[in-house]
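Right, one structure below, let's go through it.
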There are 2 protein chains.
Amino acid sequence: MLFAEQAVTSSDKTFFQLRKAIVEGEIAPGTKLSETELSTKYGVSRAVIREAINRLETCHLVERKANIGARVVSLSPAGLIELYQVREALEGMAARLAAKHMSDAEISDLRALLNQHFEKVQDGQSYYQEAGDLDFHYRIIQGSKNQHLIAMLINGLYHLVRMYRVQLGMAGPRVTTAFDEHRQIVNAIANRDGELAEMLMRRHILYSKNNIEHKLLSLSKERDKA
Amino acid sequence: MLFAEQAVTSSDKTFFQLRKAIVEGEIAPGTKLSETELSTKYGVSRAVIREAINRLETCHLVERKANIGARVVSLSPAGLIELYQVREALEGMAARLAAKHMSDAEISDLRALLNQHFEKVQDGQSYYQEAGDLDFHYRIIQGSKNQHLIAMLINGLYHLVRMYRVQLGMAGPRVTTAFDEHRQIVNAIANRDGELAEMLMRRHILYSKNNIEHKLLSLSKERDKA
DNA sequence: CAAACAAACTTTGTCGACAATATAGTGAGC
DNA sequence: GCTCACTATATTGTCGACAAAGTTTGTTTG
């Protein structure tokens, strides 16, 4: 991955493993995270499990209560909407700042990335939604050069968004249209038009929200039938 | 305090103590936080200190590096600007959502709070900037009813803002004008005019940023002279 | 039979000790 | 005199055990 986080300590490794397991649904939403159980399962002491759980909590992937324990967050339509509302504001802002602060080199790199994605999409690889889209957003977030913004989005919301997507099985009819949106955003950034970049990004995320919301709705309808 | 956080565990207590010490400058920015030292100082084990430090890290009040340790964040003009940029976006959004989601009762409560503040300001109590302003923002953030937004602002940015204010010795010539701004914001919310509420809030924070930035600048000028 | 109390059990919170890593200091070699 | 390597020291990371709080189960009582 491009912006690699590398595990130096044992807690890091356990944290990454747990995060992956949660995001990818291996550990279901709402599951209680037992410290002793996890410590035997991952072959580490409870201390590192506790540390990992703490970090999962700061990602908003689990909720902890004193003397009771931690549970994986449960997803809900309301939660999704709240999440995307915040994302819209923050990533819109990121796009605006990126138009101001990204270097020409970074922008042309971003363009190159987009072209790569385009080829892969044409090859019919569903790769796009998985890593590509995320890389794109990653780069713009980083391009904002605002540390608070970066921390909030990357450490905070980002993995939660992934979790929703994975859990709802987003493969994506939106792939091609999303691609065009990405291209427009890059153009706006290249033109140093922050206002437009923000607006396009907000709209992009709004569409994305509508799309995923629709999926969520049809899923719940199926559930009602059964 | 209104939205009281209460310490149930020993880590909670230590966390609150440390946070207070950092925000109020008792522990200077940039200071290394030695686990052993703190554990003897506060009379608790290193485990609870570690937990407390972890939580300080999620508040962005300290920065931790693996195998090296934690330091209190250092303040800088650039950091301040980044912080207020994010605040502007998020609290602006909070105001817009508050106009939509706050109940009539909550709004009249907020008005009452504002009147209280007004009386205290007239009495010449500098109380305002300290708790009052914060309570006001607190309530609007809570009024947004967006859990992600609330978590980010209250657990994340909020105490950092306080830290900047305290460190810069903000007593506030802006008190009275800020008060008017607050009143206008409440009016917009009461009228259920989200757009206006957002705009007024953004502007309020922008002014606040300019004010504090100016202070920061004159401080650094004094430092250059000496 | 339901509700409330009590005891056993499970789980989290806290502790002190040991292991691994970084830092500082010292000496040898060039 | 400077640099590099090695040692010594201090600090963080990890561990298993104990304490405290919560949960469950079983019993007793109205």
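A, B, ... follow the sequence lines: proteins, then strands. Residue 1 opens every chain.
- Crowding of B:Lys209 atom NZ: a count of heavy atoms from other residues, nucleotides or ligands under 6.0 Å exceeding 12.
- Of the two residues contacting DNA chain C, namely B:Val44 and A:Val8, the nearest-nucleotide position lying further toward the 5' end is that of B:Val44.
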Next on the checklist: Does B:Glu37 form a salt bridge (charged side-chain N to carboxylate O under 4.0 Å, His left out) with B:Lys32? I'd like the steps, not just the answer.
Outcome noted: CA-CA 10 Å; B:Glu37 190 187 321; B:Lys32 168 91 188 287; over 6 Å; no

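- As a whole-Å value, the separation of B:Ile49 CD1 from D:dG13 C1' is 16 Å.
- Put simply, B:Ser45 has no side-chain N or O that comes within less than 4.0 Å of OP1 or OP2 on C:dT14.
- Distance check, rounded to the nearest 0.5 Å: CD1 of B:Ile140 to CE of B:Met102 gives 6.5 Å.
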Between the protein and nucleotides 10-13 of chain C, list the N/O to N/O atom pairs that are separated by less than 3.5 angstrom.
from: C:dT12; atom 1: OP2; to: A:Glu35; atom 2: N; distance (Å): 3.3
from: C:dT12; atom 1: O3'; to: A:Asn67; atom 2: N; distance (Å): 3.4
from: C:dG13; atom 1: OP1; to: A:Asn67; atom 2: N; distance (Å): 3.1
from: C:dG13; atom 1: OP2; to: A:Arg50; atom 2: NH1; distance (Å): 2.4
from: C:dG13; atom 1: OP2; to: A:Arg50; atom 2: NH2; distance (Å): 3.1
from: C:dG13; atom 1: OP2; to: A:Arg64; atom 2: NH2; distance (Å): 3.4
from: C:dG13; atom 1: O3'; to: B:Thr9; atom 2: OG1; distance (Å): 2.9
from: C:dG13; atom 1: N7; to: A:Arg46; atom 2: NH2; distance (Å): 2.7
from: C:dG13; atom 1: O6; to: A:Arg46; atom 2: NH1; distance (Å): 2.8

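- For A:Glu37 and C:dC9, the CD to P distance is 20 Å, given to the nearest whole Å.
- Other residues, nucleotides and ligands place more than 12 heavy atoms under 6.0 Å from the NZ atom of B:Lys145.
- With respect to the salt-bridge test (charged N to carboxylate O, under 4.0 angstrom), the residues A:Arg55 and A:Glu5 do not qualify.
- When each of A:Val44, A:Thr14, A:Leu18 is tested with A:Leu38 by the rule side-chain contact (heavy atoms from CB on, under 4.5 Å), just one qualifies, namely A:Leu18.
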